[in-house]
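So that the names make sense, note that chain A is the first sequence line, chain B the second, and so on, each numbered from 1. None of these values were measured; they are calculated from a predicted model.
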Amino acid sequence: MSEGEVRVRVAPSPTGDPHVGTAYQALFNYAFARGRGGKFVLRIEDTDRARSTKQSEEAILESLRWLGLPWDEGPDVGGPHGPYRQSERSEIYREHVNGLLKAGHAYRCFCTVERLGEMRAEQRAKGEMLGYDRLCRSVAAQESQKRANSRESFVVRMKVPVEGHCVIHDILHGEVHKDWASVDDQIILKSDGFPTYHLANVVDDHLMGITHVIRGEEWLNSVPKHLKLYEYFGWTPPLFCHLPLLRNEDKSKLSKRKNPTSIHYYRRAGYFPQALLNFLGMMGWLMPNGEEKFTLEEMCENLKLEDISLGGPVFDRQKLKWLNARYIREDYTDEALHEELERWAINREMNGRIVPLAHMRLQTLADWGYLTAAFFADEVPVNPEDLLMKGKTAEELAGIFQMTIWKLEELQDFSKGFLEILFQELAEKFEVKLKQFTMPYYVALSGRKAWTPLFDSMEVLGSDMTRMRLRRAIDLLGGISGKKLRKLENEYSAMFD
RNA sequence: CUCCCCAUCGUCUAGCCUGGUCUAGGACACCGCCCUUUCACGGCGGCGACACGGGUUCAAAUCCCGUUGGGGAGGCCA
């Protein structure tokens, strides 16, 4: 690593679907690194052992590859600062935590989750600041050691100043001031021995020689903790640049409830990676010449972090669609588009999956187009009046669809067999015969009352497209209010836990 | 509730740093007209914003303060 070389990273957490927000962060990091002749590192932050999955990690890597954002160092390609998967760096974190413990910059906390919960409830009731009350700070070193030796469960917290003032320098936000009193003693090592984000991120960014931390604004509040850790370790912190958060139509942080957020969805829905990238690049930034259609290369050449605007951009799918259309019109001959369609879905492989489902349902070959159209579509036209389940109101059906989506999100293997088992379970729970239960799903997923067999078809459609269409069906049924949603979540956990 | 961030058309944004050239420019969406066997594309036009209130100044979208609004964070999630 030569002096002055730019090194940036994207550090996704492999929990769930590959998120467009990850792509957004990756894009700006990548473009900045490329434009400055630097290196772009991919690091997997899988310290949450309960939620991280290998499957999700693979999906993220695959999605970034599809988008055309290759990394110079990462878990798959290796590099001089590996391993690039945090779950494989436990030893490194443990050493650093021990160093902090020894130097008195951190301490063991033996408080139970129950006590912490009560404490928070009390603070909330009193309208106080929410945060750890530092009870265990006063546990003497000897006693702390003794309790740890006797295998009492503990976490490690960093010491944060009780008073004073912290100044953050951010490339986009300038100076940000924060009182230490508004920051509590953050847990840096969990009781399972894994570090939390704060510790792992600081240690890794330093060890991996990261020069610029470009990430979402949601992290701005925790920079003081990070700075304090850099100070404790005696390291020079990197430069920080906090990007605005992508937003839903109602300006809240982009979420899968209100928008398709999975990169897989956009791929399945027939968007070009270069168009999606271009669109994300347009969120908060514009080419100096004002041109809205630009290549990744052009973005790399022209991106200046200081030019990014701070207002949270709404992810407007309509404009994405328009942009994608420009790519189709301007960058493809008929011949090239034909090839692109084949690459997408109009191919032997796809037909091979559908033919067995359609076979007995075709009276003539010409029935094919109408019968299978839903497999080659983004949204399908649904008549809300056809969205009915015997014995259930529209509102109840919306709730059932929502719980189905949650179940599908948990499904490890989106294939016919598992789907069948799942739907049998659902039908039973809601006390509806399977046949009656599945009926509205045909409508929601295909726009038709009669279609190819449901579970096979869902498998072909894929998890993301299936969930998107169910979500749209919920909207068609009148949507689910926030209050109703919370109630639903409770019912859901009561029903399935 | 506490802290932090943000604030130009419905949306993405230009302009703001270096006040005057801004009766605020472009794009998406919407509406109308033209092109056209339909639609789409394309062309032309329309609708449409400096959140509000104070300052500073000869002059403020641009600088300062306050208010309001929005967002984020406050997890043994990241």
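For B:U23, there is no paired nucleotide, since no Watson-Crick or G-U wobble pair has both relevant distances below 3.5 Å. B:C1 and B:G74 make up a base pair, with Watson-Crick or G-U wobble contacts both under 3.5 Å. When both pairing distances are held under 3.5 Å, B:U62 makes no Watson-Crick or G-U pair with any nucleotide shown. Under the Watson-Crick and G-U wobble criteria, each requiring two contacts below 3.5 Å, nucleotide B:C50 is left unpaired. Taking a pair to require two hydrogen-bonding distances under 3.5 Å in either a Watson-Crick or a G-U wobble arrangement, B:C16 remains unpaired. Using the Watson-Crick or G-U wobble rule with both distances under 3.5 Å, B:G10 pairs with B:C28.
To the nearest 0.5 Å, the span separating CD1 on A:I346 from CD on A:E339 amounts to 14.5 Å. Note that CD of A:E249 is 11.5 Å distant from CG of A:L254, once rounded to the nearest 0.5 Å. Residue A:Y93 holds its OH atom at 15.0 Å from CG of A:N98, rounded to the nearest 0.5 Å.
Using a 4.0 Å heavy-atom criterion, one finds that A:H177 contacts the sugar-phosphate atoms exclusively. Residue A:E292 is in base contact, counting any heavy-atom pair closer than 4.0 Å across all strands shown. Nucleic acid contact for A:S309: sugar-phosphate only, since backbone atoms but no base atoms lie under 4.0 Å from a heavy atom of the residue. If you check every strand for non-hydrogen atoms under 4.0 Å, A:T47 touches sugar and phosphate atoms only. Within 4.0 Å (heavy atoms only), A:G311 reaches sugar-phosphate atoms of the nucleic acid but no base atom. Looking at heavy-atom distances under 4.0 Å, A:V113 makes contact with a base. Using a 4.0 Å heavy-atom cutoff across all strands shown, A:C111 reaches at least one base atom of the nucleic acid. Residue A:T196 is in sugar-phosphate contact alone, with no base atom involved, counting any heavy-atom pair closer than 4.0 Å across all strands shown. No engagement by A:G216 is indicated, since no non-hydrogen atom pair under 4.0 Å with the nucleic acid exists.
Nearest nucleotide to the A:E217 side chain, out of B:U2, B:G71, B:C5: B:C5. Of the candidates B:C12, B:C6, B:C76, the closest approach to any side-chain atom of A:L310 belongs to B:C6. Between B:C28, B:C12, B:C3, one nucleotide has an atom nearer to the side chain of A:N221 than all others, and that is B:C3. Here the nucleotide nearest the side chain of A:L220, chosen from B:C12, B:U2, B:C4, is B:C4. Out of B:G26, B:A78, B:C4, the shortest distance to the side chain of A:S13 is found at B:A78. Listed candidates were B:A78, B:C76, B:C41. Nearest to the side chain of A:V155 is B:C76. Closest to the side chain of A:P313, from the set B:U13, B:G72, B:G74, is B:U13. You'll find that the side chain of A:L286 is closest to B:A14, out of B:A14, B:A78, B:G71.
Here B:C6 presents its C1' atom at 14 Å from CG of A:L243, a figure rounded to the nearest Å. For the pair A:I168 CD1 and B:A73 P, the computed distance is 15 Å after rounding to whole Å. Between the CG atom of A:L172 and the P atom of B:G72 there is a distance of 19 Å, rounded to whole Å. Atoms CD (A:E152) and P (B:C76) sit 17 Å apart, rounded to a whole Å. Remark: P of B:C3 and CD of A:E128 are 13 Å apart, rounded to the nearest angstrom. With rounding to whole Å, A:R329 atom CZ is found 10 Å from B:G43 atom P. To the nearest angstrom, C1' of B:G42 lies 14 Å from CH2 of A:W322. In this structure, the NZ atom of A:K126 is 22 Å from the P atom of B:G74, given to the nearest Å.
Side-chain nitrogen and oxygen atoms of A:H173 include at least one within less than 4.0 Å of the OP1 or OP2 phosphate oxygen of B:C6. For B:C76, one of the phosphate oxygens OP1 or OP2 lies less than 4.0 angstrom from a side-chain nitrogen or oxygen of A:R120. Between A:K253 and B:A73 there is a side-chain N or O to OP1 or OP2 distance below 4.0 Å. Side-chain nitrogen and oxygen atoms of A:R247 include none within less than 4.0 Å of the OP1 or OP2 phosphate oxygen of B:G71. The side chain of A:K178 contributes no N or O atom lying less than 4.0 Å from OP1 or OP2 of B:G74. Between A:K190 and B:C77 there is a side-chain polar atom (N or O) within less than 4.0 angstrom of OP1 or OP2.
For an aromatic pair to be called close, the ring centres must be under 6.0 Å apart, and A:W235 with A:H96 satisfies this.
Going from the P atom of B:A61 to that of B:A51 covers 10 Å, rounded to whole Å. Across the C1' atoms, B:C22 and B:A49 are found 13 Å apart, a figure rounded to whole Å. When the C1' atom is used for both B:G53 and B:C4, the distance is 24 Å, rounded to whole Å. Comparing the same atom, C1', in B:G26 and in B:C9 gives a spacing of 12 Å after rounding to whole Å. Across the P atoms, B:A29 and B:C76 are found 46 Å apart, a figure rounded to whole Å. Across B:U57 and B:C52, the matching P atoms stand 23 Å from one another, rounded to whole Å. For the C1' atom pair drawn from B:C31 and B:G48, the interatomic distance equals 12 Å after rounding to whole Å. Comparing the C1' positions of B:G25 and B:U62 gives an interatomic distance of 16 Å, to the nearest angstrom.
Contact of the A:Y107 side chain with the A:V156 side chain is not registered, since no non-hydrogen atoms from C-beta on lie closer than 4.5 Å.
Position along RNA chain B of the nearest nucleotide to A:D184 versus A:D307 favours A:D307 as the more 5'-ward residue. Looking at which nucleotide of RNA chain B each of A:K225 and A:M283 is closest to, the 5′-most match is held by A:M283.
Counted by atom type alone, A:R467 and A:S463 present one or more donor-acceptor pairs between their side chains at under 3.5 Å. No hydrogens or angles considered: a donor-acceptor pair under 3.5 Å links the side chains of A:R9 and A:N201.
Put simply, the residue from A:Y327, A:Y266, A:Y332 that forms a ring-ring contact (aromatic ring centres under 6.0 Å, His included) with A:F272 is A:Y332.
Donor-acceptor pairing under 3.5 Å, judged by distance alone, is absent between the side chain of A:S182 and the base of B:C3. For B:A29, its base never sits under 3.5 Å from the side chain of A:K319 at any donor and acceptor pair.
Between A:H198 and A:H226, the two ring planes are tilted [angle within 30° to 60°].
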### Task
Would you sort out whether A:T47 and A:Y197 count as a side chain to side chain contact (heavy atoms under 4.5 Å, CB included), showing the intermediate values?
CA-CA 7 Å; A:T47 52; A:Y197 171 86; 5.7 Å; no
